[in-house]
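For the numbers below, each heavy atom of this structure counts, side chains included, while hydrogens, waters and symmetry mates do not. Residue indices begin at 1 and follow the sequence shown.
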Amino acid sequence: MSPSDIGTKHQHKIEVNIGRIKDLTALTSHLIAPHGGELVQLQVPAARAAELKAHSKDWPSWDLTARQLCDLELLMSGGFSPLRGFMNRADYEGVCHNMRLANGTLWPMPITLDVSEDFAKKLTPGSSKIALRDPEGVMLAVLSVEDVWQPDRKSEAQSVFGSTSAAHPGADYAINKSNPWYVGGTIEELQPHAHYDFRALRLTPADLRAEFGRLGWTKVVAFQTRNPMHRAHVELTMRAAKQVEANLLIHPSVGMTKPGDVDYFVRTRCYQLLLSKYPKGTVALSMLPLAMRMGGPREAVWHGLIRKNHGCTHFIVGRDHAGPGKDTDGKNFYGPYDAQELFKKHEAEMGVTMVPFQMMVYLQNEDRYVPADEVPQGAKVLDVSGTELRQRLNEGRDIPAWFTYPEVVKELRRSYPPRDKQGVTIFFTGLSGSGKSTIANALITKFLETGGRPVTLLDGDLVRKNLSSELGFSKEHRDINIRRIGYVASEITKNGGIAVCAPIAPYEATRKAVRQMIEPFGGFILVHAATTIEVCEQRDRKGLYAKARAGIVKEFTGISDPYEAPTDAEVVIDTAQLSPEEAAQTIILHLEREGFVGANGNG
């Protein structure tokens, strides 16, 4: 065989192999199923994964935030099809202004990788790659950088959410909580994010499509929820499924939802309890790792597209779908049926049929639920709001059987006991010498005397010595110190204990951050020791105020560093007027009124 023949033979083999690779790529780049359109598949073959891992030591790594982790999971599973990565600038701007990707495809929500300015400056569009890692440092994917830019986040919030108010969770995140630079590019998946909970319920779009095909479900209506489900929800979903003669997918969001929502562990156990309430073989339950934006109308369209990717043909859109509630003036951010109107406008293009529903209400005299627009004139309507439900749980009051099922009540009570069984943090703030530590010690003694719950004192000086010995007194270091105290207190509160914290905590924003850290797990009572600086100086045994006025002690609160007096304190105490015991008793009386301790001062 001549060298030319050998070359021709090898060329033929190469062409055949390239053809096979192209065929394989065509098969694996999209998963095609009877339900929904094409699913993007970002997972790379083992050889490519090994190659990427080998080179990753040369690339910058980014530890994904909680929201980015949710977004990446849905990108990699195909839940965000047709997206193949975090949006580049052209797609981002098209979505913000027109609800469309650069190629004209309908997509209403920006999916962005926000990074710090320092990190952004390390990147070169067109050549840089980023190792995307989970909080434990595991590399999940590689992003090939296409664009790096600094967005106008305020403009983004206005375009996407119609608001720049900090009361809107999506707008607040975009403007105040996200990083200031965005990176866009395609993703190659190395491995999925590991979950250790409810694994049988974590079904990908491909999993659900296959399951619907196996069951012979040709019409599936999805129900989106971020709250526990009660009788009204069961009635609504049954009616919706019957109306369109479809099977039902209960598809709760279990990523980031609205601050203060019931955690998804509790919700999922409640959903599982409700499956037996539906006719056998008509309902499925699957968890969606979605970081909600609470974006109202745009979010409804987004939810519909995501459910189409998961194999659903219909989608329930209720009153004020994915609305964040009221603004600072007490007005709803969106109209009650804005979401339904926008969804209907794009329904044909989406290929998902909307099933509109009003809120379900209970007719007391007829012992049944009906949509709000079907209430007979003069009928007595009963309802329990989310706020009232939380109040009933906090106070240990009865939850009526017409509202929810006994097994759901039992599960909620197990996870959300009455306030006198919950943890609570009593957080002092005040100038040095205002009496915080003295009152805190008196309060601790009273709790220990009556017993009932574990009690921990986190005094400012003790924390400085044992947790924050390396910190100075700059604003940055003061913030770190207070956040550390808040984190420890949140863990104590989460586990049913009482945390008494007595730092100076001079800055309003840091105190509010600590409150937000703790309140999801129990009570937070801010106590302002409002003793005047003149009295504090008179009490100063160490002479710190005198040294501060002389310039010897730097960054001293109240002298050379500001103290921002709180406007949201539940208890205000002037220790020039009250003894430590009287001050402690004042706090206990407030705790009794709020239900965190019993009449004898214990849990």
Specify the closest pair of heavy atoms between Gly323 and Arg226, including all atoms of both residues, with the distance to one decimal. O-NH1, 4.5 Å
Side-chain donor/acceptor of Asp338 to backbone N/O of Gly335, under 3.5 Å: yes
Regarding Glu508 and Arg511, does a basic nitrogen lie under 4.0 Å from an acidic carboxylate oxygen? yes
Distance-only donor-acceptor check, side chains Glu555 and Ser474, under 3.5 Å: no
Please tell me whether Ser178 and Arg67 have a donor and an acceptor in their side chains that are separated by less than 3.5 angstrom. no
Counting only heavy atoms from other residues, nucleotides and ligands, does the tally under 6.0 Å from CD of Glu470 exceed 12? yes
Assess, by modelled atom type and distance only, whether the side chains of Gln358 and Tyr337 contain a donor and an acceptor separated by less than 3.5 Å. yes
Test Arg483 against Thr510 for side-chain hydrogen bond (donor to acceptor under 3.5 Å, both in side chains), laying out the working first. CA-CA 7 Å; Arg483 288 175 187 274; Thr510 314; 5.1 Å; no
Could you check whether Glu73 and His195, counting side-chain N and O atoms only, form a donor-acceptor pair closer than 3.5 Å? yes
Parallel, tilted or perpendicular: which describes the rings of Phe265 and Phe198, with under 30° parallel and over 60° perpendicular? tilted
What is the minimum heavy-atom distance between Phe427 and Ala505, and which atoms define it? CE2-CB, 3.7 Å
Tell me, with the steps shown, if Val553 and Ile559 meet side-chain contact (heavy atoms from CB on, under 4.5 Å). CA-CA 10 Å; Val553 175; Ile559 304 297; over 6 Å; no
Does Arg293 make a cation-pi contact with Tyr173, if we ask for NZ or CZ under 6.0 Å from the ring centre and within 45° of the axis? no
Check step by step if side-chain hydrogen bond (donor to acceptor under 3.5 Å, both in side chains) holds for Arg269 and Ser415. CA-CA 11 Å; Arg269 293 195 295 270; Ser415 301; 3.1 Å; yes
Salt bridge check: are Arg419 and Glu594 linked by an N-O gap of less than 4.0 Å? yes
Flag this pair as yes if the NZ/CZ of Arg368 is under 6.0 angstrom from the six-membered ring centre of Tyr362 and inside a 45 degree cone about the axis; otherwise no. no
If the plane angle is over 60° it's perpendicular, under 30° parallel, otherwise tilted; pick one for His321 and His303. perpendicular
Salt bridge or not for Arg515 and Glu570, using N-O below 4.0 Å? yes
Yes or no on side-chain contact (heavy atoms from CB on, under 4.5 Å) for Phe403 and Val409, after CA distance, side-chain angles and deciding distance? CA-CA 10 Å; Phe403 172 72; Val409 173; over 6 Å; no
Where do Arg231 and Glu235 land on the salt bridge (Lys or Arg N to Asp or Glu O under 4.0 Å) test, with the steps shown first? CA-CA 6 Å; Arg231 288 184 183 269; Glu235 183 67 26; over 6 Å; no
How about CZ on Arg397, more than 12 heavy atoms from neighbouring residues, nucleotides or ligands closer than 6.0 Å, or not? yes
Counting N and O atoms only, with roles assigned by atom type, does the side chain of Glu582 sit under 3.5 Å from a partner on the main chain of Ser579, one being a donor and the other an acceptor? yes
Kindly give the heavy-atom pair with the smallest separation between Asp540 and Ala546, and that separation in Å. OD2-N, 4.3 Å
Basic-acidic side-chain contact under 4.0 Å: Arg267, Asp263: no
From Glu534 CD over to Leu431 CG, what is the distance, rounded to the nearest 0.5 angstrom? 10.0 Å
Keeping Glu156 on the side-chain end and Ala174 on the backbone end, is there a donor-acceptor pair under 3.5 Å? no
Look at Lys410 together with Glu407 and state whether they make a salt bridge at an N to O cut-off of under 4.0 Å. no
Evaluate Cys501 against Phe428 for side-chain contact (heavy atoms from CB on, under 4.5 Å), listing each step before the verdict. CA-CA 6 Å; Cys501 311; Phe428 287 86; over 6 Å; no
Ring-plane angle category for His230 and His233, please: parallel below 30°, perpendicular beyond 60°, tilted otherwise. tilted
Any side-chain heavy atom of Thr456 within less than 4.5 Å of one from Ile444? no
If you measure only the distance, is there a donor-acceptor pair under 3.5 Å linking the side chains of Thr237 and Tyr278? yes
Between the side chains of Lys494 and Glu519, is the shortest nitrogen-to-carboxylate-oxygen separation below 4.0 Å, so that they form an ion pair? no
What closest approach, in Å, do Thr557 and Pro562 show between heavy atoms, and which atom pair accounts for it? CG2-O, 4.0 Å
Output yes when Asp197 and Arg202 qualify as a salt bridge under the 4.0 Å nitrogen-oxygen rule, no when they do not. yes
Looking at Glu388, I'd like to know if its CD atom is crowded, meaning that more than 12 non-hydrogen atoms belonging to other residues, nucleotides or ligands lie closer than 6.0 Å. yes
Determine yes or no for a side-chain-to-main-chain donor-acceptor pair under 3.5 angstrom, with Tyr405 supplying the side chain and Lys277 the backbone. no
Is the closest side-chain heavy-atom distance between Ile504 and Thr429 below 4.5 Å? no
Hey, does Val597 have a side-chain heavy atom less than 4.5 Å from the side chain of Arg453? yes
Determine whether Tyr507 and Asp479 satisfy the following criterion, side-chain contact (heavy atoms from CB on, under 4.5 Å), listing intermediate values before the conclusion. CA-CA 8 Å; Tyr507 306 124; Asp479 280 350; 3.4 Å; yes
Would you mind reporting whether Ile525 and Leu591 have side-chain heavy atoms less than 4.5 Å apart? yes
Salt bridge between Arg153 and Asp114, side-chain N to carboxylate O under 4.0 Å? no
Has the side chain of Asn495 got a donor or acceptor atom that lies under 3.5 Å from a matching backbone atom of Glu491? yes
Heavy-atom pair with the smallest gap, counting every atom of His168 and Gly170: ND1-N, 3.0 Å
Is Phe524 close to Val514 at the side-chain level, that is, under 4.5 Å between some pair of heavy atoms? yes
Is the NZ or CZ atom of Lys554 positioned over Phe473's six-membered ring, under 6.0 angstrom from the centre and within 45° of the axis? no
Hey, does Phe596 have a side-chain heavy atom less than 4.5 Å from the side chain of Ile498? no
When you measure from the side chain of Lys436 to the backbone of Gly430, do you find a donor-acceptor pair of N or O atoms at a distance under 3.5 Å? yes
Could you check whether any side-chain N or O of Thr575 sits under 3.5 Å from a backbone N or O of Leu578, counting only pairs where one atom can act as donor and the other as acceptor? no
Answer with yes or no whether the side chains of Asn179 and Glu117 bring together a donor and an acceptor at under 3.5 Å. no
Before accepting this row, confirm whether a basic side-chain N of the pair Asp398/Arg392 lies closer than 4.0 Å to the acidic partner's carboxylate O. no
Does Leu201 offer a backbone N or O that forms a donor-acceptor pair with the side chain of Ser286 under 3.5 Å? yes
Ser468 (side chain) donor-acceptor with Leu471 (main chain) under 3.5 angstrom: no
Taking all non-hydrogen atoms of both residues, which atom of Glu299 and which atom of Ala322 are closest, and how far apart? CG-CB, 3.6 Å
Looking at Asp63 and Arg133, is there a salt bridge between them, counting it only when a charged N and a carboxylate O are closer than 4.0 Å? no
Let me confirm one number: the CG-NZ distance from Asn441 to Lys446, rounded to the nearest 0.5 Å. 13.0 Å
Side-chain heavy-atom pair Asp461, Ser437 within 4.5 angstrom cut-off: no
Please check if the side chain of Lys258 supplies one atom and the backbone of Pro324 the other of a donor-acceptor pair under 3.5 Å. yes
Given side chains that start at C-beta, do those of Gln224 and Met292 come closer than 4.5 Å, heavy atoms only? yes
